[in-house]
Amino acid sequence: MKALRIHGMRDVRVDTVDDPEILDSRDAIIRVTSTAICGSDLHIYNGSIPQPRPMTLGHEFMGIVEEVGKGVGNLRRGDRVVVPFPIACGHCLFCNHELPGHCENSNPEHYGPEGGLMTEKGGALFGYTDLYGGYDGGQAEYVRVPYADFGPRKVPDNLTDEQVLFLTDIFPTGYTGIDWAGVKGGEVIAIFGAGPVGIMAAKSAWLRGASRVIIIDTQQYRLDKAKQTANAEGILWESQKQVVDEIRSMSRGYGADVCVEAVGFEPDRSLVDRAKAVINLEKGSDKVLLACMSAVRRGGFVSVLGVYSSPFDNFPIHQFFDKGITLKGGQAPAHKHIDRLLKHVSNGDVRLDDIISHRLPLSEAAHGYDIFRNKKDNCTKVVLKPGA
């Protein structure tokens, strides 16, 4: 089959590889009909999260069941399914607490309680390096899905792939940032990052009754897309102080009730930012998280959806304490929310496919990575079609 594999920093290629096989009674083989490039994939593409051997990337995918193991009783050949991005067993301590990203069985070689830089990581993720299980991902014609009796969800025939594809990751992830904060209605929500996750967080904020949704980005075209698809007010980032001042002016001087960090450790950076990282032996920057800590009101909530893979000096713990901020982050529990969110899509409460800017065959995946990383051609989201 054909599969998009990482070979080194900014080096992805569509290779011919062996077809996946059933290796466990709870496995399924899925013929991929649609898959997408995620901002998290770019961390591997950039070399910021290392992957020493070639691996098939991709954790946002859906398709048709081709084969199931003997232990999978809820799926059969021909079923059309969407697959949550964490690989989770469904019955360990953490799965039973609706924390599939911490599954203690899916990543046996690198799992542990510490959560270190290169050791004792969390549960497995599709196509997300050997540290997170070493499972090939879904940017391919076929993919093996472990624990297929727990993860995949059947989707209605009346919904297109693109209407439900983002139930794999970015919609549950955006929703998680709002859900963690316990949004009940009337809140002012500020979302840092007008990428796919940020836009999904904005859509989710409206679903939960927010009174005002503000989104911040360095690119005007992304703010325009957020306004068009999620009715969010935009702030163009020029400096941290300018952004924080604007958010406070839009929230009676207090700051936002909830700030959602949807950027991670690789934001757009100046030469000064890059030099600081080198001096401090840091990878990337925590500048967006620091902006969230300032922009949130006293007693407010900061949800961290962006990936952070290394420590940072001078974290403002004094500010966290003085303002009484609640801070929460991590992998989104996609399995927890996917059924509820599928109902929202089916009922027409929310639209997901309006963020797609590019649709490409799998053979052009390397081009998709390039335009997505470098924000070319007003790229906001790339969907790949393995069968095209």
Scan the side chains in residues 55-63 for donor-acceptor partners under 3.5 Å anywhere in the protein, sequence neighbours excluded, and list what turns up.
residue, atom, partner, partner atom, Å
His59, ND1, Asp41, OD1, 3.4
His59, NE2, Asp169, OD2, 2.9
Glu60, OE1, Lys381, NZ, 2.7

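In terms of modelled atom types and a separation under 3.5 Å, the side chain of Asn347 and the main chain of Lys343 share a donor-acceptor contact. Between the Arg248 side chain and the Ser294 main chain, a donor and an acceptor come within less than 3.5 Å of each other. Using a distance-only test at 3.5 Å, with no hydrogens or angles considered, no donor-acceptor pair links the side chain of Thr119 to the main chain of Gly116. One N or O on the side chain of Glu120 and one on the backbone of Glu114 form a donor-acceptor pair closer than 3.5 Å. Judged by distance alone, with hydrogens and angles left aside, the side-chain atoms of Asp15 form no donor-acceptor pair with the main-chain N or O of Val17 at under 3.5 Å. At distances below 3.5 Å, at least one donor-acceptor pair connects side-chain atoms of Asp24 with backbone N or O atoms of Arg26. Looking at Glu104, its side chain does come within 3.5 Å of a backbone N or O of Leu93 through a donor-acceptor pair. Tyr221 places a side-chain N or O within 3.5 Å of a backbone atom of Cys379 that can act as its donor or acceptor partner. For the pair Ser106 (side chain) and Ile87 (backbone), a donor-acceptor distance under 3.5 Å is present. Side chain of Tyr128 to backbone of Ser40: a donor-acceptor contact under 3.5 angstrom is found.
With sequence neighbours excluded, no residue forms a salt bridge (Lys or Arg N to Asp or Glu O under 4.0 Å) with Asp349. Applying the salt bridge (Lys or Arg N to Asp or Glu O under 4.0 Å) rule to Arg359 yields the partners Glu162; only residues at least two apart in sequence or on another chain are considered. Listed by chain and residue number, Asp354 satisfy the salt bridge (Lys or Arg N to Asp or Glu O under 4.0 Å) test with Lys203 (two or more places apart in sequence, or in another chain).
Classification of Asp339 and Arg153 as a salt-bridged pair holds, one side-chain N sitting under 4.0 Å from a carboxylate O. Salt-bridge formation is not detected for the pair Glu141/Arg31: no Lys NZ or Arg NE/NH1/NH2 atom is positioned less than 4.0 Å from an Asp or Glu carboxylate oxygen. Salt-bridge check for Arg13 with Asp11: passed, with a basic side-chain N closer than 4.0 Å to an acidic carboxylate O. Under 4.0 Å is where a charged nitrogen must lie from a carboxylate oxygen, and between Glu66 and Arg77 at least one such pair does. Look at Arg80 and Asp161 and you find a salt bridge, because one of the NZ, NE, NH1 or NH2 atoms lies within 4.0 Å of a carboxylate O, short of that distance. Taking a cutoff of 4.0 Å between a charged side-chain nitrogen and a carboxylate oxygen, Arg53 and Asp130 qualify as a salt bridge.
Atom NZ of Lys225 is separated from atom CG of Asp217 by 13.5 Å, given to the nearest 0.5 angstrom.
By the neighbour-count criterion of 12 heavy atoms within 6.0 Å, atom CG of Asp18 is sparsely surrounded, having that number or fewer from other residues, nucleotides or ligands. Shown here is Leu23, whose CG atom has more than 12 heavy atoms of other residues, nucleotides or ligands within 6.0 Å. The environment of NE2 in His91 is crowded: more than 12 heavy-atom neighbours from other residues, nucleotides or ligands sit within 6.0 Å. Atom OH of Tyr254 sits in a sparse spot, with 12 or fewer heavy atoms from other residues, nucleotides or ligands closer than 6.0 Å. The 12-atom threshold is exceeded at CG of Asn96, counting heavy atoms of other residues, nucleotides or ligands nearer than 6.0 Å.
Side-chain contact between Pro54 and His7: present, with at least one pair of heavy atoms (C-beta onward) separated by less than 4.5 Å. Residues Cys38 and Phe372 have side chains not in contact (no heavy-atom distance under 4.5 Å, counting atoms from C-beta outward).
Within the structure, every pair that satisfies the side chain to side chain donor-acceptor pair (under 3.5 Å) test and touches residues 178-187, not counting sequence neighbours, is listed here: Asp179-Arg208. The ring pair (Phe, Tyr, Trp, His ring centres under 6.0 Å) pairs that include a residue from residues 14-48 are His43-Phe265, Tyr45-Tyr369, where partners are two or more places apart or lie in different chains.
The only option from Arg297, Arg212, Arg252 that meets the salt bridge (charged side-chain N to carboxylate O under 4.0 Å, His left out) definition with Asp257 turns out to be Arg297.
Between Tyr308 and Gly264 the shortest heavy-atom distance is OH-O, 3.5 Å. In terms of heavy-atom proximity, Leu125 sits nearest to Pro86 at CD2-CA, 3.9 Å. Smallest separation of non-hydrogen atoms from Asn107 and Leu131: ND2-O, 2.9 Å. Annotation for Ala190 and Ile247: closest pair CB-CD1, 4.0 Å, computed over non-hydrogen atoms.
The aromatic ring centres of His110 and Tyr132 sit 6.0 Å or more apart.
Between the side chains of Asp224 and Gln228, no donor N or O sits under 3.5 Å from an acceptor N or O. With no hydrogens or angles considered, a side-chain donor-acceptor pair links Lys2 and Thr16 at under 3.5 Å.
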